[in-house]
Participant: 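What follows is a structure written as structure tokens; I'll ask about it next.
Heavy atoms only: backbone and side chains are in, while hydrogens, waters and symmetry mates are out. Letters go in sequence order (proteins before strands), and every chain restarts at 1. All figures in this text were calculated on a predicted structure; none of them were measured in a lab.
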Amino acid sequence: MLAVYKRELRSYFNSMIGYVFIAVVVAIIGIYFMANNLVGGYPRFSNTLGSVTFILLVAIPILTMKSLSDELRFKTDQMLLTYPISVTKIVLGKYLAMVTVFAIPILLAALCPIIIALNGTSYLGTDYATILAFFFLGCLFIAIGMFVSSLTESQIIAAVSTFGLLLILFLWPQLISYLPTSAWGTVVGLVMILTILVFLLYSMTKNKLLAILVEAVGIVAIFGSYLLTEDSFVRLLPRVLGSLSCTKVLENFATYHVFDLAGLFFYISCTALFVYLTVQAVQRRRWN
Amino acid sequence: MIEVRNLVKRYGDRLAVDNLSFTAEKGRVYGFLGPNGAGKTTTMNIMTGYLGPTSGDVIVDGHSILEEPEEVKRFIGYLPEQPPLYIDMTVSEYLTFAAELKKIPKERQKSEIQKAVEFTHLQDATGRLIRNLSKGYRQRVGLAQAILGFPEIIILDEPTVGLDPKQILEIRDLIRGLRQEHIVIFSSHILSEVQEVCDHVLIIHHGKLLASGTPEELERQVKNTTLDLTVRSTSSEQVKEVLVGVPGIISVEEYTNDQPGQVSFKIEVEPDSDPRDDIFYACVEQKCPILTLRGLDMSLEQIFLSLTADEVKQPGSSFFKQFDKQEVKKSC
């Protein structure tokens with residue numbers, strides 16, 4: 001794993017990508033820091049960080065786009081997969097290399113609260129907690145980007161799709177507000193979600209019987225519980241899907257200055273899920 | 001020892017490898033021979049663990065590639081059709097990375113890399129970026145990573161494609177140099193190369209093993225049963241009539257001869273019979289002097305063509321079709 005990690009890390013600095021990524025993230029954070037904190041005189045760096053989340057949408061796809069798609073394009077995956085190393089270790093090595101590159105601008109940003117402290121009142125606790133949350137959010141986005149990259153040979157497609165996905169996650173809270181709130185609307189929504197999940201299940205297992213069975217059981221369960229407790233279905237859909245919001249956790253840190261431990265766990269578990277999915281995507285290609 | 005057991009690989013509806021089984025032993029060079037799309041690369045990809053088989057297994061020293069992939073991959077060095085190179089690294093960086101991945105102990109890494117570099121004559125390229133290397137050098141770097149640490153089994157997928165003649169000779173020498181201590185399996189569609197380098201030939205077509213044996217054994221399998229005859233005569237019909245009467249001759253087929261006053265035939269004779277004396281006397285009787293009479297030796301090339309020709313039913317007729325194509329190619 002260490003060998004893959006070292007190679008990957010070096011490749012980011014052999015090409016422009018590593019430098020461009022770091023420069024862009026540092027520059028944008030720096031501009032907001034200057035405007036809000038240095039010139040504006042606002043003592044909290046956490047709020048500044050909360051308002052530059054959008055930079056992750058642009059910068060993370062640049063970082064992740066080539067991670068696995070380049071291996072396919074240059075057929076170097078034939079080397080990695082025929083060497084005595086497991087796919088999990090390959091993927092983890094790559095992931096940690098990207099996290100390391102991402103950690104560099106974060107470490108530079110960690111200087112900002114100190115600069116504020118040197119010039120007057122500061123809130124180091126909340127500031128550093130927010131930097132931590134920002135870092136974990138970035139790690140989640142990197143995992144998503146890596147997963148997308150493992151699905152295609154083209155860097156461009158990987159970058160654009162990652163950007164699209166991250167944008168949807170970024171706009172998630174606003175999108176949720178368009179969902180129906182009535183009990184009946186919830187039933188329809190749940191059936192649609194169930195169907196999408198069953199479709200994914202089917203495309204992975206190619207087992208028609210299992211898919212039909214799961215769909216049938218799911219529909220019976222949804223309608224059954226709707227008939228039993230209609231009231232609990234009101235506003236259920238926005239509540240359930242709203243809890244999946246990625247930006248909300250960072251908002252808790254940055255705006256409300258709350259240390260959202262559950263939120264961090266949410267980030268970490270989603271990250272683990274996408275790293276796992278990447279391993280599966282690479283494995284799956286071998287068996288097709 | 002590597003054993004391939006009933007390997008099947010299906011891509012959707014297409015059967016790429018169809019129940020392929022063979023074993024390979026140490027100290028020999030094995031050649032995979034087959035037309036494009038025969039399933040050579042797929043078989044190699046499965047043997048090295050890059051692809052998973054639909055069914056079947058590959059056993060290396062008692063370990064299954066499906067159950068203990070990492071254990072098996074330790075024994076195998078693989079050079080795929082396109083060498084898997086990271087173009088942003090220098091040759092020595094790349095080989096160090098390969099050595100680390102192969103889990104060669106740190107203290108031995110330097111000497112192993114040195115050995116691989118010397119073996120592939122890359123001494124003067126170690127500091128260069130792979131991006132800037134020519135095709136031949138890239139192929140050699142690919143070969144260097146495959147033989148790095150000198151694993152027991154070395155699998156090379158068309159290692160000489162796209163190289164100039166001098167480089168091809170070099171690569172063949174390299175393969176011969178590996179013979180003693182290793183199992184070398186390589187694929188090629190250059191038949192002379194296989195004939196020259198291999199101890200054992202495996203002919204694959206449509207994912208099936210058509211023939212397997214030493215080049216000499218294969219040549220013996222398809223026996224020399226064809227004669228080429230040219231006589232000076234104006235009437236081909238007359239000569240043909242006489243020839244058909246000679247015992248031991250199955251069929252006589254005339255083919256075009258541009259020289260005036262000459263006629264040429266391809267004569268199929270019964271195996272284990274030698275009617276050349278009788279042909280000579282028959283021609284003398286007809287007063288048509290023999291200009292050439294020679295047995296057509298089956299080279300590996302023709303064996304390959306006759307085995308992989310789809311419509312082969314009777315070795316006679318369609319074999320000639322293939323043969324004519326060969327003649328045309330040679331005279332061009």
Side-chain angles (χ1 to χ4, degrees), chain A residues 1-20 65-94 96-97 101 150 153 155 203-206 279-288, chain B residues 9-12 41 44-55 63 65-66 68-90 93-94 96-104 106 109 129-131 138 141-142 145-146 148-149 151 153 155 157:
Chain A
M1 187 170 89
L2 196 65
V4 176
Y5 171 79
K6 281 196 305 198
R7 198 216 80 77
E8 203 63 14
L9 197 58
R10 198 184 296 140
S11 83
Y12 278 111
F13 296 105
N14 277 345
S15 66
M16 292 286 288
I17 291 182
Y19 296 105
V20 169
M65 63 182 182
K66 79 178 188 77
S67 59
L68 283 152
S69 54
D70 255 18
E71 301 279 350
L72 289 178
R73 196 155 67 99
F74 292 112
K75 308 244 185 228
T76 42
D77 61 327
Q78 275 196 315
M79 175 180 183
L80 296 178
L81 291 176
T82 57
Y83 271 52
I85 177 173
S86 69
V87 176
T88 313
K89 282 183 181 162
I90 297 169
V91 170
L92 274 180
K94 283 178 171 290
L96 292 178
V101 177
S150 74
E153 267 186 49
Q155 287 191 21
S203 67
M204 269 196 265
T205 60
K206 298 272 175 237
V279 174
Q280 293 310 309
V282 174
Q283 285 283 17
R284 209 180 122 80
R285 200 180 287 277
R286 291 181 54 219
W287 294 95
N288 267 352
Chain B
K9 179 72 181 177
R10 211 179 269 282
Y11 292 115
T41 299
M44 289 188 156
N45 277 339
I46 296 171
M47 286 167 74
T48 52
Y50 177 60
L51 291 177
T54 309
S55 71
H63 303 283
I65 193 131
L66 298 176
E68 302 163 273
E70 284 182 54
E71 196 58 44
V72 169
K73 286 172 188 174
R74 226 177 267 270
F75 291 105
I76 297 178
Y78 181 36
L79 170 63
E81 208 166 354
Q82 186 185 337
L85 306 175
Y86 291 99
I87 55 169
D88 59 343
M89 297 173 107
T90 66
E93 276 173 356
Y94 174 73
T96 309
F97 170 58
E100 283 172 5
L101 270 190
K102 283 195 178 185
K103 302 194 176 85
I104 295 173
K106 197 121 206 150
Q109 272 180 18
L129 270 183
I130 293 174
R131 183 196 306 278
R138 287 186 186 198
V141 178
Q145 65 81 25
L148 188 64
I153 300 160
I155 299 181
D157 194 357

Participant: Closest heavy-atom contact between B:L85 and A:F74?
Facilitator: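 Looks like O-CB, 4.5 Å.
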Participant: Flag the pair B:E81 / A:K75 as yes when at least one side-chain heavy-atom distance between them is below 4.5 Å, and no otherwise.
Facilitator: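 A side-chain contact is absent here, since even the closest heavy-atom pair is not under 4.5 Å.
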Participant: Mind listing the closest non-hydrogen atom pair of B:Y50 and A:Q78 along with its distance?
Facilitator: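 The pair with the smallest heavy-atom distance is CZ-CG, 3.5 Å.
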Participant: How long is the span from the OG1 atom in B:T48 to the CE atom in A:M79, to the nearest 0.5 Å?
Facilitator: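 Output value for this atom pair is 13.0 Å.
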Participant: CD of A:E8 to CZ of B:F97: how many Å apart, nearest 0.5 Å?
Facilitator: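 Spacing of CD (A:E8) from CZ (B:F97) equals 8.0 Å.
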Participant: With only heavy atoms counted, which part of B:Y78 is less than 4.5 Å from chain A, the side chain, the backbone, both or neither?
Facilitator: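 Answer is side chain: those atoms of B:Y78 sit under 4.5 Å from chain A.
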Participant: Can you tell me which portion of B:L79 sits under 4.5 Å from chain A's heavy atoms? Options are side chain, backbone, both or neither.
Facilitator: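 For B:L79, there is no contact with chain A at all, as no heavy atom is under 4.5 Å.
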Participant: Under 4.5 Å heavy-atom distance to chain A, tell me which part of B:E71 shows up: side chain, backbone, both or neither.
Facilitator: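 When you check distances to chain A, no heavy atom of B:E71 falls under 4.5 Å.
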Participant: Quick one: what part of B:K102 sits under 4.5 Å from any heavy atom of chain A, side chain, backbone, both or neither?
Facilitator: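 Backbone plus side chain of B:K102, per the 4.5 Å heavy-atom cut-off to chain A.
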Participant: So what's closer than 4.5 Å to chain A heavy atoms on B:P80: side chain, backbone, both or neither?
Facilitator: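 It is both, since atoms from each part get that close.
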Participant: For side chain to side chain donor-acceptor pair (under 3.5 Å), just list the numbers for B:Y86 and A:E71, CA-CA rounded to whole Å, side-chain angles, deciding distance to a tenth of an Å, and then say yes or no.
Facilitator: CA-CA 9 Å; B:Y86 291 99; A:E71 301 279 350; 2.8 Å; yes
Participant: Quick check on B:L101 against chain A: is it the side chain, the backbone, both or neither that has a heavy atom closer than 4.5 Å?
Facilitator: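 It is both, since atoms from each part get that close.
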Participant: Do A:N14 side-chain atoms and B:D88 backbone N/O form a donor-acceptor pair below 3.5 Å?
Facilitator: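 Judged by distance alone, yes, a pair lies under 3.5 Å.
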Participant: Does some side-chain heavy atom of A:R7 sit less than 4.5 Å from a side-chain heavy atom of B:M89?
Facilitator: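 A side-chain contact exists here, since the closest heavy-atom pair is under 4.5 Å.
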Participant: What part of B:P151 lies closer than 4.5 angstrom to a heavy atom of chain A: side chain, backbone, both or neither?
Facilitator: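 Neither part.
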Participant: Going by atom types alone, do B:E100 and A:Y83 pair a side-chain donor with an acceptor below 3.5 Å?
Facilitator: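 Result is no, nothing qualifies.
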Participant: So, taking the atom named OG in A:S11 and the one named CD1 in B:I87, what distance separates them when rounded to the nearest 0.5 Å?
Facilitator: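 A:S11 OG to B:I87 CD1: 11.0 Å, rounded to 0.5 Å.
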Participant: Starting at OG1 of A:T82, measure out to CE of B:M44 and round the result to the nearest 0.5 Å.
Facilitator: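 It is 12.5 Å, given to the nearest 0.5 Å.
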Participant: Please report the interatomic distance OG(A:S86) to NZ(B:K73), rounded to the nearest 0.5 Å.
Facilitator: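 NZ of B:K73 is found 8.5 Å from OG of A:S86.
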Participant: Which bit of B:A98 comes within less than 4.5 Å of chain A, counting heavy atoms only: side chain, backbone, both or neither?
Facilitator: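 Looking at B:A98, backbone and side chain both touch chain A.
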Participant: Given heavy-atom pairs under 4.5 angstrom as the criterion, report whether the side chain, backbone, both or neither of A:D70 touches chain B.
Facilitator: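 No part of A:D70 comes within 4.5 Å of chain B.
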